[in-house]
Structures are given as structure tokens and as C-alpha cells.
K.L.:
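I'd like to ask some things about the structure below.
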Amino acid sequence: MKNPLMLACLWFAFTSLALAQEVTSPNGEVQMHFELLEDGTPAYSLSYKGKPVIETSKLGLKLKDDEHSLINGFEVIEREESTFEETWEPVWGEESEILNKYNELAVVLNQKPTEREMIIRFRVFNDGLGFRYEFPQQQNLGHFIVEDERTEFAMTGDHTAFWIPGDYDTQEYDYIESRLSEIRGLMEESVTDNLSQTSFSDTGVQTSLLLKTDEGLYINLHEAALKDYSAMHLELDDEELVFTSWLTPDVTGNKAYMIAPGKTPWRTIIVSDDARDILASRMTYNLNDPVAIDDTSWIKPMKYVGVWWEMITGKSSWHYTNDFPAVKLDETDFENATPNDTHGATTENVKRYIDFAAEHGFDGVLVEGWNIGWEDWFGNSKDYVFDFMTPYPDFDLEEVRDYAKSKGVEMIMHHETSSSVRNYERHMDAAYQFMKDHGYNAVKSGYVGDILPRGENHYSQWLVDHYQYAIEKAADYEIMVNAHEAVRPTGIARTWPNLIANESARGTEYQAFGGSKPNHVTVLPFTRLIGGPMDYTPGIFEMDISKANPDNDSWVNSTIANQLALYVTMYSPLQMAADFPENYERFMDAFQFIKDVGMDWEKSIYLEAEPGDYITIARKEKGTNDWFVGNVNGETPRTSKISFDFLDEDKTYIATIYSDAKDAHYRDNPQAYRIRKVVVNNDSKLSQRLAPGGGYAISIMEAEKSETRGLKKL
């Protein structure tokens, strides 16, 4: 007869194994614990170096008009463990090679009352955790509607958060730094005006969300591979300090329409006790599929200029005439209309930008307001708002095209949709073919205003599908896409690298709309840029906007040195020198850095970082031995101290340092800067003062000893 105590112990061990399992990162520092709670609810927790990061958090989905949903009543019927390691080469990026290494646990669950199966797949990386829900093909689950996703992120304390308000239509907010418990009280004042916005909660915030614990852990909550699903926000229970996923609804209030087999995007948690590791994480990209484009040779980083800042400041207008309170494409007679004399996209003005681009080695020129329809483009729920092919009378498209080609400059197309998404999809093939016929290889698309069809939101499933459709359709025509006002990126550019940039955050334009906080650019790389590069449009040298437009008293809260540093710290393979040519001509010595700085990188080293305070990054340009360093500082003056030990040993370099002058200040003296050349090597160190809203930029070029004569060694 067997010992009853032994039988009980064996039963307990088997039951514990069935209900709980752990998986650890390859380096052993990140540990995920999975379990089924007593009622069969899946749950997980996460720790880092033995410290709790996420406390026990429930998982599941509430289905519409379904008695059981996919919340509880589960049992584990199978678990699959695996390891994976690869090194892949991005088409463009912050480094030439990315290591993708993780340990995986796939838990196969069966819901007894319904005999439905759901898989929760966990991938544990050295820098965090990704997990998603998967729905195999099965008899009892075909089409279903997600009413709510019940993914929880239970916090271990009242952390400091860097957040923007939850919103279905915009991310164009300044970041708030506060305790989690303070979000509710700060929400009302944080919701500033935008051309389209839909708040949903007093404690709802957006991802990518950065948190810092009192113990010094940095935590980033986001998602990866967002496709055919709604964008995720986070709703905070500020008593229990638990975030729950909150999906963007469609016009009917539904969150997502699913078909089995199917899967959700990955939910991501990046964690480290060093803020620099958050910036260096490539987990979001690694959770996306490999490149889907066979020949990527046409996808190339670009540095460009354009007439955009003229319209943003109010110096020029997008529209051609003031004659018409409303226009109808194909009917309104623009040829006989009276020009308003403020239109920016004229043949002669654009040729001026082409000349500037050619003289200074820029790849392209962006033109906005070239096509008819801008007179009543916004706020009128107008469906047929643009045709994306017909120019205004004062913009000779063929002449501009030929002139740019003769100068070796590419033109960048602009497709503002006014959020009339149905109209854009109707015209997309013709518009892309029109681009190819006229030598345009890149497009900046825009989605300003409330979405048409009416009632849809910018981040709902239908719109997410539209943005993906536009990217894939553009790839058919070998066109690169820079999407503004679209959903924030989630690493999709690994799969579709023709998505060369997004806006999807508060960019430089807001410096002409009242200004952004001086430390805004010290937060964005920890949040918005986690999912992909941003077309931030830096390079503003004249901070007083009233000099461009006397009716606009906005101020750019930055020094010139800070603006230069953005080309390094705000990574993008698409970089604009956004200011007017005449402003650059006033400061040609500082402008030299924008001309020199790379856009595609072999290696990136994160030297200093503290969200909201400062960031210092060094990058080695791909295909050269040149390095560039950028530092952006927040509102508090401080000193940056870095080592040049990232340089090759036994080599000598000349470093050109563009720094704030001693009396520089983003508001009082933003154009005060100093440029000095010094000799540096692998042993050199720099101690550099940073002004409020300031920073520095450094170009580092390998040099022969004969070239260093007369220069001081750092």
C-alpha cells in the first residue's frame, strides 16, 4: 500500500506544476511567473534581479454578447518551452546588427465550460517581457468581438510616471511627470487643445509609458506589432495602482473584431536599473516579423528641407486664394481666382529651397500646399477634399520636377488627407502612380482633424488597418512613407522598412503653437521613440516666431546647441532642417553640423540618460569612421561628463564641439553658442556645461597627425 502522505505530496506537486510556471531571460536577470488563479483566471508577475516589477496581474479578454468570455475557467492542457537567438540586419537603424535572443513559454489553455482554446505566449528577453494572446482555429471560436481586453499591469508602488493623457485621436501633448496617485488631479490641465481629440478617463494614459520606481527601476509599458487590432491605452486604478489595457473603440463602441486563427499585438514591459538600457532596447522591433520586402535597395535615409515651417509659423499659407469660402474639386475655377500673395508653395519659392538643398548637400525638398483644395480643407467633414494630383496655378509641377532633377535633388510628395480616409483609399493607387511618374520616391502623409467616416477614431482597428494598407500599398510602388497624425509606431518598420518615419507625438510644430516644455526632448526617446523613429523636424535657429509672423508670439524653448543635438538624440533616418534658409545663412558655422551629421548608424552608445533631465548619445555613421555625439538638457543647468572610450584605440580624431555659450539660456539667450575644435582619442574625456534647454553636439572625424597641428588635445 502506498503512503498517503507521499500520494498527497505528488498530487500537490503535479497541481502546482499545472497552475504555475516560470521562465527566465537568457542572462537570468528577468523572471516571469505564470499561474492560474483559483477560478481559472490566467495571471503573471515579473521580477528583475530579484526585485518585483509587476505584481500578480490578471490576463484575459471580455467578449461581446458572450456568457463566458475569455477571462476565467481555464485549465492548462499544454505548455511549450523554447529558446531563440538570431542576429539580423535592419535596412536602416541605430545599429547595423540587432541581437534577438529570448526564452519562450507558450501556455495552451482550455476553457472547460466552452471547450475553447487560447494560447498565451511569453517571450522573456534580457531587457524585458513580451506576451500576446493567440487563438487557434477551433470549432467553438470563429468570429468574435472584443468588448474589453483585461490585461493588467499591477504596480509595486506609487511610481513616478512620464505620461500623456489617454486619447483616441492624438498624442500631441506635452509630457507630465508625476506620481501615479497624482494623475487624476492633473488630468484636466494636461488635456490641451488639439484639432482632433477624444479623452476617455480621468486616469487613462497612453503608451509608450515610462515609469521610475523609488528603488531606481525604469519600466516602459507599450505594445509591439500592432496590426488588425485597436491601439492600447492604459486605465489606472489609482487606489490599487493597477493599470488595465484600454483599447480604442470604433464608432459603435466595439474594441476589436477577431477571427480564429488570430492573435493580438504583443504587450511589452521593458525594465532596467539603468535608464540607458531603456533607450538601447530593441525588444519592440524583435517582436515584429522580419522584413517583408524582397528588394529594399530603394529605401534610403534622407535629409531634407522644405516650405513647411513657413506655414506652421504663419508666414505663408497652404491655400492659394481667398476668393472662395468653399471649393469643389473639378468645379472651382482656380485659374481665374485671385492669388492671395501668401501662398508658400509657388514655383519660385520652391526653387529657392531646391537651390539651398543643392548648395548644401541635402537629399530632398518637401512641398506642402501645392495641390488644390486647401481653402476649405479642415473642419467641414468634407469627403472629396483632395485629389492628390492637381497643382495650384502658381505651382508648375513639371518645371519644379525638372529643376530639382537638374540640381540632383529629390522632391518629397505631401498627401494631407484631412482625415478623409475613404477618399484617400479611393485615390491611393492613382496618387502613388502619379508620384512615380514624376520622380517622387517618398511621401509625407497627414491625418489632421476628425476621421471620416464620422465617429471613427484615429487609433481604432479600422484606422490601424488603413495605415498598414497605405504602407503596404506604397511598397508596391517603391515609395517611402512618413506618416503624420497616424497611430504611434510599434516596431512595424522592421517588417515594412519603407515606413521611414512617423510623427505621432508633439513635434517641433508646437514650438510655433505656444511652445513645448524645454525638457520635452529628454522624454520622447524614452516613450514615443521606443516604437520607431520620429519625424521631429528639428533645426530651428530663430526662436522668436514673431520675426516670421508678427501675429504669432510663440517661442521655441531651446538653444541652437540643443537643436543641433536633436539630430543625434531624436533618431530618424529621415531628418529635416526645418528652418528658413535665411536663418541658416545667419549661422552658417553652426549649420555645418546639420550638413555633416549622419542619418544611418553602425553603432550607438548611450552615454548618459535620465528621463526629463538629460540624454547623451554617441553614434558611429554607417560606412564611415565618423562619430557624432548629441546631448539635450532639460530646464536645470548641469554639467555633462563623458569619456571617448568608444573610439578606436591608436587612432586620432578631430572633434568639433558645438556647445552652449556661458550665458546661453533657452528663453533669454538661445542663439549664444560656442564652436571649438580639439584633438581626441580613446583616452579623452569631456566636461561640458549645459544651459537650461541647452545641450551640445560633436562631430568626430578621424584625422592624420598633420591635420591636428595647432589644435589643443582634450
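For clarity, every value in this text was computed on a predicted model and none was experimentally measured.
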K.L.:
Is the Trp318 ring parallel, tilted or perpendicular to the Trp374 ring (thresholds 30°, 60°)?
P.N.:
parallel
K.L.:
Could you walk me through whether Glu94 and Arg282 pass the salt bridge (charged side-chain N to carboxylate O under 4.0 Å, His left out) check?
P.N.:
CA-CA 10 Å; Glu94 296 179 73; Arg282 302 294 176 256; 3.5 Å; yes
K.L.:
Counting N and O atoms only, with roles assigned by atom type, does the side chain of His343 sit under 3.5 Å from a partner on the main chain of Gly369, one being a donor and the other an acceptor?
P.N.:
yes
K.L.:
Can the ring centres of Tyr168 and Phe200 be said to be less than 6.0 Å apart?
P.N.:
yes
K.L.:
Any donor and acceptor pair, going by atom type alone, linking the side chain of Asp600 with main-chain N or O of Gly93 inside 3.5 Å?
P.N.:
yes
K.L.:
Taking only Lys NZ, Arg NE, NH1 and NH2, and the carboxylate oxygens of Asp or Glu, determine whether Lys351 and Glu399 approach each other closer than 4.0 Å.
P.N.:
yes
K.L.:
Please check if the side chain of Trp266 supplies one atom and the backbone of Leu287 the other of a donor-acceptor pair under 3.5 Å.
P.N.:
yes
K.L.:
Does the Ser230 side chain pair with the main chain of Ser460, one donor and one acceptor, at a distance under 3.5 Å?
P.N.:
no
K.L.:
Centre-to-centre under 6.0 Å for Phe388 and Tyr424, is that the case here?
P.N.:
yes
K.L.:
Determine, stepwise, if the pair Tyr353 / Phe356 fulfils ring pair (Phe, Tyr, Trp, His ring centres under 6.0 Å).
P.N.:
CA-CA 5 Å; Tyr353 281 87; Phe356 185 80; 7.6 Å; no
K.L.:
Go through the steps to decide whether Tyr285 and Asn100 satisfy the test side-chain hydrogen bond (donor to acceptor under 3.5 Å, both in side chains), and finish with yes or no.
P.N.:
CA-CA 9 Å; Tyr285 284 108; Asn100 185 12; over 6 Å; no
K.L.:
Indicate yes or no: does Lys622 engage Glu89 in a salt bridge with an N to O separation below 4.0 Å.
P.N.:
no
K.L.:
Taking it one step at a time, do Glu223 and Arg488 satisfy salt bridge (charged side-chain N to carboxylate O under 4.0 Å, His left out)?
P.N.:
CA-CA 10 Å; Glu223 61 181 326; Arg488 75 284 190 276; 2.6 Å; yes
K.L.:
Quick check, are the ring centers of His466 and Tyr447 under 6.0 angstrom apart?
P.N.:
yes
K.L.:
How many angstroms lie between atom CG of Asn502 and atom CD of Glu485, to the nearest 0.5 angstrom?
P.N.:
10.5 Å
K.L.:
Identify the two heavy atoms, one from Trp92 and one from Leu499, that lie closest to each other, and give their separation to 0.1 Å.
P.N.:
CZ2-O, 3.5 Å
K.L.:
Could you please spell out the steps behind the salt bridge (charged side-chain N to carboxylate O under 4.0 Å, His left out) verdict for Glu503 and Lys444?
P.N.:
CA-CA 10 Å; Glu503 183 193 36; Lys444 173 185 174 182; over 6 Å; no
K.L.:
For side-chain hydrogen bond (donor to acceptor under 3.5 Å, both in side chains), just list the numbers for Tyr459 and Asp167, CA-CA rounded to whole Å, side-chain angles, deciding distance to a tenth of an Å, and then say yes or no.
P.N.:
CA-CA 9 Å; Tyr459 309 145; Asp167 198 298; over 6 Å; no
K.L.:
Hey, mind stepping through Asp289 and Lys227 against salt bridge (charged side-chain N to carboxylate O under 4.0 Å, His left out) and telling me if it holds?
P.N.:
CA-CA 11 Å; Asp289 292 334; Lys227 291 181 65 176; 5.7 Å; no
K.L.:
Looking only at atom types and distance, does a side-chain atom of Tyr175 sit under 3.5 Å from a main-chain N or O of Leu524, one as donor and one as acceptor?
P.N.:
no
K.L.:
Evaluate the ring planes of His427 and Tyr384, with Trp represented by its six-membered ring, and classify them as parallel (under 30°), tilted (30 to 60°) or perpendicular (over 60°).
P.N.:
parallel
